[in-house]
Every structure is written in structure tokens, then in C-alpha cells.
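Every chain is numbered from 1, with letters handed out A, B, ... down the list of sequences.
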2 protein chains.
Amino acid sequence: MVTMPRDYFKDRIEKIKEFYLRNKRMPSYSEAAFLFGFRSKNAAYKLIRKLKELGFIYSDEKGRLLPGTLNNPVKLLGSISAGFPSPAEEELQDTMSLDEYLINNPTSTYLLKVEGDSMIDAGIHPGDLVLVDKSVIPKTGDIVVAQVDSEWTLKYFEKRGGAVYLRPANKKYPLIKPREELIIGGVVIANVRKYK
Amino acid sequence: MVTMPRDYFKDRIEKIKEFYLRNKRMPSYSEAAFLFGFRSKNAAYKLIRKLKELGFIYSDEKGRLLPGTLNNPVKLLGSISAGFPSPAEEELQDTMSLDEYLINNPTSTYLLKVEGDSMIDAGIHPGDLVLVDKSVIPKTGDIVVAQVDSEWTLKYFEKRGGAVYLRPANKKYPLIKPREELIIGGVVIANVRKYK
DNA sequence: TGACATAGTAAACGTTCGTACACTATAATA
DNA sequence: TATTATAGTGTACGAACGTTTACTATGTCA
């Protein structure tokens, strides 16, 4: 029986990953054979069958290859204070896609750039991007996009005894009790800050 | 001459988008024809040629369709304090992918879950996910993942007169002057917080 | 040693692919 | 009204597709 070296699969997966990132589609079997350095596309066919069993790849009803966990661009390490594993060691790590992780409802979610410091105590800074889902019904404690005095702002949503209040996360600003009807643009489901 | 209704393209694009999200690949021309309700795939062929000109789709050297701006899952609205356009109006908005926006170097970037409150004044809370690029060389003011007393922590990086310091973003904790060699696990390039 | 599982080669199949060409129907324009 | 550009139908063709089968070579294990 022939046993393959330890990183046999990893190199192959990396090749496909590169192809996928470069071409934005999965290779055909003959293209995969070329990637792997095989002369026969059946060799690729058999190899990929194993990658499928490992979950890196799958295929649709027509046999075309689709990205499995390949798709996920960022590697997952442990948590920071727990003495997480050294970033140096390159294993077959778990990966994830930020898009898929953060966005539940692609059609009802949009992105908003934050200006002003009214939510700074909630860790939402000017310049941050805020993901807003307008299909979510706000509950007390949620951060919402609301229209106050014909201006859109970011506030904590509070419902007490039938009345609705908007609370800024900054002691400098007062609690807001909306005069008339309150227009909600959606609930903040995530906050993203880019440094570089 | 036949002029198409205003949202002619938008509906078609939405159909392809749905297909792409569902199948994780672009449709063939015959599949696209079926999506559009055409009997002839040549009709899809001509229509998609126009979508290509608009940048929503393109194709590789073998003619296979590839996602253009389709790919991007989240719609971009204006900024929040500027009285941004109502989220209700559904135009052909700009879209973006968070993965592509945040990650410059997929191979050297990883994700870390934050525990502890040492960076809370920088708006990085316990439970946040931090994107770390280990190929970036830290500069003063950057937030880095560093090993202090054989523990991995998140600190501001400061270089003054040849000496390197690590500063927590929380007044409760003291400035750290590393005794021996300083091990840096990478530079924080983004912070992500998920609420829902 | 002999039996066996595996990695890879090679060729063949029916199907689907992208693309091209000829054609019809419709609506706008001059 | 005649002209013209466009939306869509239908057919055809060579190339590439996924999949199957047969075969070789090689290393493992009893």
C-alpha cells in the first residue's frame, strides 16, 4: 500500500485555492490535473474524490466542482488571552468567510459609514462601517439606525412601558424621546473597523 | 427600436445573483436562459453580453461566466450623519465584499477572538474578532499581537529611541517594557464585532 | 513470496458547453 | 408608411466537460 506524505493533501488544496482566487471559479478536472502535474485527468478525478470526502470541495448535480471550506479566506486561530497557538504553525486550519459569518440576509443588509461620536462608548467609532439589517425587528438593547429630526443617527433602542426611547452611547448626549413616529432604518448586526 | 423598462437589467442581475448564491458558481448560458425565462440560450447570450459591458459579469478565456460586482454581497449606502439615502430605495447600488475589503494578504491573515478588556479604550471589546496580518511590519501606533510573559496579548506598538514599548488601551493597565526579545504575532488590520 | 490496495496513465462515451448564423416579430423613428 | 434597430427563437458545430473502464507500476502486509 502506498502512503502519501503528510502534507500531500495540503499542497493540492493550496493549488486549487490559488486557482479559485485567481480565476474566481473552480477548475475542471483536466485543469486540476494540470495544476497537480498529472498527465491524466482521471488521476485528478480520484484525488478530488478524496478532497470531497474531507469537505474541502463538493460538486453539484452536473458534476461541476464547487468550493467547500476552500471558499473561506481567513484562517481561524484560538482566542487571544488563552495563549493561542503560534501563528507560525501552518496546519490544516479551520477557515471562515467574514461575509458569510456576518451577513444573514444578503438582500436586506447594507453597509453604512459612521460619522460622529455618539456611539463611541459602545465601541463604534467615527469611520467604522456598520452592517445594518433592515429586516430585523429591534429589541431593547439593540443598536438601531433611526431618523431623528430628519437626520439619520445610530442609537440604542429602548422600549419601556409602550414608549420607545433612543439612547446615545456617549454621556455627552441626552436621551431622546421621539416626538412623532419613529422611523427605523434597521438594526446594527455588526461593526467593522479597518486599520490598514 | 424597442426600449426596455427601467429595471430590465436589475431583475436579470438579481436572478443571476440568486443563482450564484445558491449554487456557488455562475450559470451556463442555457441555465441563464432558463433563469430569464427564455427558450433560446442565444437570447441569454446577447443579454449577458450587455451585463458584461456594465461590469456585473465577465468571462474567462474559455467563455465561462464569472461574477463581477455580483460577487459582492453587501450594498453600500452613504454615511450615517450625512442624512444618507433612505434604505428603502433599491437602486443599482454599489456593493462590496467584506472579505475583499478587509483582507489584503489572505495567506498571512488570521482571525483571533479577543478576551479581556486591555484594548477597550481603542474600541476593541471582549468577544470581538480581530484580523491579524503577520506579514505587516509594525509601526508606532499600530495595534499588535505580542507575546508578553509567554502570554499572547493585544497592545499598541510604540517605538521611541530604539526602544520598543507595548501600551494597553486601558488606563487600568501599565505600560509594558519588554524585558527580552519581543515576539510579535502580527499587526491588527481590522476589528469585527458581531451583535446578532 | 504472493495477494492486495493504491497512484497514475490512457482512451472512450455521451452530454453540455460557448459561439455563430439565419430568421421572426415588434416598436420607435423619420 | 417605410426603415431600422432590437428582443428573442431555433439550429448547428466543434471543443470541453464529467465519468467510466481497462491497464501499469509500486509499495505494504500477511
Could you pull out the closest heavy-atom pair between A:Pro27 and A:Leu65, with the gap in Å?
O-CD1, 3.5 Å
For atom [atom1] of [X] and atom [atom2] of [N], their distance in whole Å:
X: A:Leu66; N: D:dG18; atom1: CG; atom2: P; result: 11 Å
X: A:Phe38; N: C:dA7; atom1: CZ; atom2: P; result: 9 Å
X: A:Ile48; N: C:dG8; atom1: CD1; atom2: P; result: 13 Å
X: A:Phe34; N: C:dG8; atom1: CZ; atom2: C1'; result: 17 Å
X: B:Phe36; N: D:dT9; atom1: CZ; atom2: P; result: 12 Å

Which pairs pass salt bridge (Lys or Arg N to Asp or Glu O under 4.0 Å) with one or both residues in residues 135-147 of chain A, sequence neighbours excluded?
A:Asp142-B:Lys196
Hey, could you give me each pair passing salt bridge (Lys or Arg N to Asp or Glu O under 4.0 Å) that has a residue in residues 152-174 of chain A? Not counting sequence neighbours.
A:Asp117-A:Lys172, A:Asp121-A:Lys171, A:Glu158-A:Arg160, A:Glu158-A:Arg167
When Ile, Leu, Val, Met, Phe, Trp and Tyr are grouped by side-chain heavy atoms lying under 4.5 Å apart, directly or through other members, which residues fall in the same group as A:Leu66?
A:Tyr58
Can you list everything that forms a salt bridge (charged side-chain N to carboxylate O under 4.0 Å, His left out) with A:Asp128? Sequence neighbours excluded, please.
A:Arg193
Could you run through nucleotides 13-22 of chain C and give me one letter per nucleotide, 5' to 3': B if any protein heavy atom sits under 4.0 Å from the base, S if only the sugar-phosphate is that close, - if neither?
---SBBBBBB
Apply ring-ring contact (aromatic ring centres under 6.0 Å, His included) to B:Phe19 and list each qualifying residue two or more places apart in sequence or on a separate chain.
none
